[in-house]
Amino acid sequence: MTWKEIYESKLVTAEEAIKSIHDNDKVVTGFACGEPFGILQALIDNYKDYNNVEIINMLTLGDSPWCRPEMKGHFKLNCLFASHSNRKAISNGTSDFTTSHFYEIPDVLKNYICPRVSIVMVSPPDEHGYVSFGTTVDYTRGTTDYCEVVIAQVNKHMPRTFGNSIKHVRDFTYFVEIDQPLPEIKGVEISENEMKIGINCASLINDGDCLQLGIGGIPNAVCAQLWDKKDLGLHSELVGDGVVDLLEAGIINNKKKQTHMGRTVIGAAFGSKKLNDYINNNPSVELHPIDYVNNPIEIAKNDNMVSINSCLQVDLLGQVVSDTVGLNQFSAVGGQVDFVRGATMSKGGRSIIAMPSTAKKGMISRIVPLITEGSAITTPRNDVNYIVTEFGIAQLKGKTLKERAKALISIAHPKFRAHLIIEYIKRFNEEPFSKDELKEQLKDVKEHVDDVKMQIKNLLSKRIEEA
Ligand code: COA
């Protein structure tokens with residue numbers, strides 16, 4: 001049979017394709033920009049026909065219909081990266097969550113979770129019968145190697161990408177042609193604080209460095225500060241729109257890379273049409289499976305690797321919490337530790353964790369004496385090196401516990417420094433700063449004096465209660 005005959009023999013409607021899903025099945029799906037909504041919608045519409053089916057998904061940009069009350073007993077979400085639409089369901093037990101470093105997820109899926117069915121989204125086949133996983137190669141392409149049933153939504157909006165991102169039509173069970181614009185992550189305006197954080201991060205980046213950039217406001221703010229750099233490289237789990245202008249301008253040209261010289265390497269594209277148009281048919285951007293892209297050994301093959309990720313909380317020892325708030329799952333470790341370790345192992349490499357100094361509209365400090373009870377450590381203190389806020393840079397490797405704490409107090413928001421200093425004294429039985437240093441640390445406190453008084457009052461009343 002020609003590839004066209006093979007393709008046509010597998011073409012069905014979404015309703016026909018989902019008949020191959022049985023009660024008690026585990027079904028893994030593509031995620032983010034590659035979430036095959038066309039086929040998933042058929043499952044949602046026919047939910048009453050299914051019992052106890054587990055849906056495994058890394059991250060949805062839409063809502064998580066699997067968490068709706070009527071889905072109980074029919075579908076259950078096993079989430080690999082929590083988002084706004086399923087955090088509550090994970091916290092109250094309606095949905096479940098599997099934790100894993102991103103580079104291990106292909107192995108965890110294949111050898112531990114063992115889904116029988118895979119539902120993915122691909123581009124239409126080329127003249128040789130190959131479809132492309134486009135924006136979403138990561139763990140998604142690999143599922144088609146081991147799942148018994150592989151259903152693909154063929155979507156003309158899915159870009160055709162280079163790298164290890166293609167499969168022949170014979171490797172699929174069913175094709176369902178549904179053209180839908182891909183879900184998009186639109187850039188948000190960079191705040192003044194994020195801009196300051198971007199400037200501080202950029203001061204740690206040199207010409208010729210190879211970058212990993214996480215997602216969200218901070219990576220975009222970092223990108224905005226890279227226009228005076230040259231010969232940068234990009235080897236990143238995900239990228240957003242922020243890199244496109246730098247790539248087009250040749251600021252990122254991948255010239256100095258040791259692997260994939262001249263080409264950007266990513267596991268998934270996580271942006272808007274701007275990014276998807278850029279990676280479409282672009283031989284300078286390669287998408288590869290995540291067990292390759294995020295493998296710390298592969299990352300470290302590039303010299304001067306710089307990883308930039310964000311977090312929710314850091315304690316005075318440099319323990320980093322990025323994916324939980326107390327007992328609640330907020331996101332996931334993703335590739336944070338993969339890249340922190342890869343960058344650390346790279347010759348000349350550096351890892352940066354960048355965050356605003358406060359959260360909840362400035363009401364709480366992200367730098368804290370103790371991690372919130374119930375939170376999980378995402379990146380252990382022994383892995384962490386640079387922590388960046390809008391107030392500066394704390395370099396932690398090679399520092400004693402006291403030196404770490406002092407460096408972190410110095411980049412906390414001034415209104416929380418008095419509180420952190422008191423906690424330092426309680427912990428280490430000594431004053432952290434000389435009189436002059438203390439003056440410097442507290443110089444901006446005047447405008448926040450009421451906040452500081454309130455914190456100290458709360459602290460004292462807590463102590464009295466404890467006593
Ligand atoms: N306690 C309570 N709430 C907190 C908090 C804390 N210590 N820190 C932040 N928050 C709140 C914020 O106030 C904000 O709430 P709001 O939406 O009501 O304003 C919310 O949590 C999100 O915080 P923010 O810092 O704006 O999130 P972000 O979108 O910039 O994402 C991470 C930051 C850490 C969640 C995200 O980078 C992540 O999930 N990282 C782990 C995965 C990773 O690094 N992967 C590798 C690269 S892709």
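Residue indices begin at 1 and follow the sequence shown. Note that the structure is predicted; figures quoted are calculated from it, not measured.
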J.: Atom OG1 in T264, atom CD1 in I252: separation rounded to 0.5 Å?
T.: 6.5 Å
J.: Is there a side-chain contact between P219 and I308 in this structure, where contact means two heavy atoms from C-beta onward sitting under 4.5 Å apart?
T.: no
J.: Is the positively charged end of R417 above the ring of F433, judged by distance under 6.0 angstrom from the centroid and angle within 45° of the axis?
T.: no
J.: Does a donor on one side chain sit under 3.5 Å from an acceptor on the other, for Q329 and S91?
T.: no
J.: Compute the centroid of each ring, for H260 and then for Y292, and state whether the two points are separated by less than 6.0 Å.
T.: yes
J.: Are more than 12 heavy atoms from other residues, nucleotides or ligands located less than 6.0 Å from atom NZ of K426?
T.: yes
J.: Any chance NZ of K397 has more than 12 other-residue heavy atoms, nucleotides or ligands included, within less than 6.0 Å?
T.: yes
J.: Hey, is the main chain of S322 close enough, under 3.5 Å, to the side chain of Q336 for a donor-acceptor pair?
T.: no
J.: Between N193 and S191, is any side-chain donor less than 3.5 angstrom from a side-chain acceptor?
T.: no
J.: Taking side-chain contact (heavy atoms from CB on, under 4.5 Å) as the criterion, tell me which of V28, V108, D291, D107 meets it with Y139.
T.: V28
J.: Report the C-alpha separation of T29 and N57 in whole Å, then their side-chain angles, then the decisive distance to 0.1 Å, and conclude whether the side-chain hydrogen bond (donor to acceptor under 3.5 Å, both in side chains) test is met.
T.: CA-CA 5 Å; T29 78; N57 179 303; 3.0 Å; yes
J.: Can we say K229 and D209 salt-bridge, meaning some charged N sits less than 4.0 Å from an Asp/Glu carboxylate O?
T.: no
J.: For K230, does the NZ atom sit with more than 12 other heavy atoms under 6.0 Å from it, leaving out its own atoms?
T.: no
J.: Here's a test for you: under side-chain contact (heavy atoms from CB on, under 4.5 Å), which of E298, H235, Q212 qualifies with V293?
T.: H235
J.: Indicate yes or no for a side-chain donor-acceptor contact from R350 to the backbone of V306 under 3.5 Å, with no hydrogens or angles considered.
T.: no
J.: So which pairs with a foot in residues 259-270 pass salt bridge (Lys or Arg N to Asp or Glu O under 4.0 Å), sequence neighbours left out?
T.: R263-E286
J.: Step through the shown structure and confirm whether more than 12 heavy atoms of other residues, nucleotides or ligands are within 6.0 Å of NZ on K399.
T.: yes
J.: Say you draw a straight line from CD1 of I352 to OG of S310; how long is it, rounded to the nearest 0.5 Å?
T.: 12.0 Å
J.: Tell me, yes or no, whether the heavy-atom count around K256 atom NZ, taken from other residues, nucleotides or ligands under 6.0 Å, exceeds 12.
T.: no
J.: Using the six-membered ring wherever Trp is involved, compare the ring planes of H413 and F416 and label them parallel, tilted or perpendicular (cut-offs 30° and 60°).
T.: perpendicular
J.: If you count every heavy atom of other residues, nucleotides or ligands that lies below 6.0 Å from I297 atom CD1, does the total exceed 12?
T.: no
J.: Please round to the nearest 0.5 Å and tell me the distance separating atom CD of Q319 and atom CD1 of I371.
T.: 5.5 Å
J.: Flag yes if more than 12 heavy atoms outside E373 fall under 6.0 Å of its CD atom; otherwise flag no.
T.: no
J.: What distance do N206 atom CG and L232 atom CG have between them, rounded to the nearest 0.5 Å?
T.: 9.5 Å
J.: Give a yes or no on whether the backbone of A221 and the side-chain of E194 come within a donor-acceptor separation of less than 3.5 Å.
T.: no
J.: Please identify which of these residues, N294, N295, D383, T379, meets the side-chain hydrogen bond (donor to acceptor under 3.5 Å, both in side chains) condition with R341.
T.: D383
J.: In Å, rounded to the nearest 0.5 Å, how long is the span from CG of L408 to CG of L420?
T.: 9.0 Å
J.: Please test N52 against N24 for side-chain hydrogen bond (donor to acceptor under 3.5 Å, both in side chains), starting from the C-alpha separation and ending with a verdict.
T.: CA-CA 5 Å; N52 195 34; N24 306 312; 2.9 Å; yes
J.: Within the side chain of N86, is there an N or O that forms a donor-acceptor pair under 3.5 Å with the backbone of S83?
T.: yes
J.: Looking only at side-chain N and O atoms, does N200 offer a donor or acceptor that is under 3.5 Å from a partner on E390?
T.: no
J.: Could you go through S434 and D436, starting from their C-alpha distance and side-chain angles, then the distance that decides it, and tell me whether this counts as side-chain hydrogen bond (donor to acceptor under 3.5 Å, both in side chains)?
T.: CA-CA 5 Å; S434 68; D436 285 346; 5.6 Å; no
J.: Hey, is CD on E437 packed in by over 12 heavy atoms from elsewhere, all under 6.0 Å?
T.: yes
J.: Are T259 and N302 close enough, and set up right, to give a side-chain hydrogen bond (donor to acceptor under 3.5 Å, both in side chains), and what steps lead you there?
T.: CA-CA 6 Å; T259 64; N302 283 304; 3.1 Å; yes
J.: Step by step, work out the ring pair (Phe, Tyr, Trp, His ring centres under 6.0 Å) result for Y50 and F75.
T.: CA-CA 7 Å; Y50 296 91; F75 289 106; 5.6 Å; yes
J.: When you measure from the side chain of R141 to the backbone of F133, do you find a donor-acceptor pair of N or O atoms at a distance under 3.5 Å?
T.: no
J.: What I'd like to find out is whether the side chain of H288 reaches to under 4.5 Å of the side chain of V265, using heavy atoms alone.
T.: yes
J.: Any non-hydrogen side-chain atom of Y103 less than 4.5 Å from a side-chain atom of P296?
T.: yes
J.: Does the side chain of V388 reach to within under 4.5 Å of the side chain of I411, using non-hydrogen atoms?
T.: no
J.: Of all the heavy-atom pairs spanning C311 and V314, show the shortest one and how long it is.
T.: SG-CG2, 3.6 Å
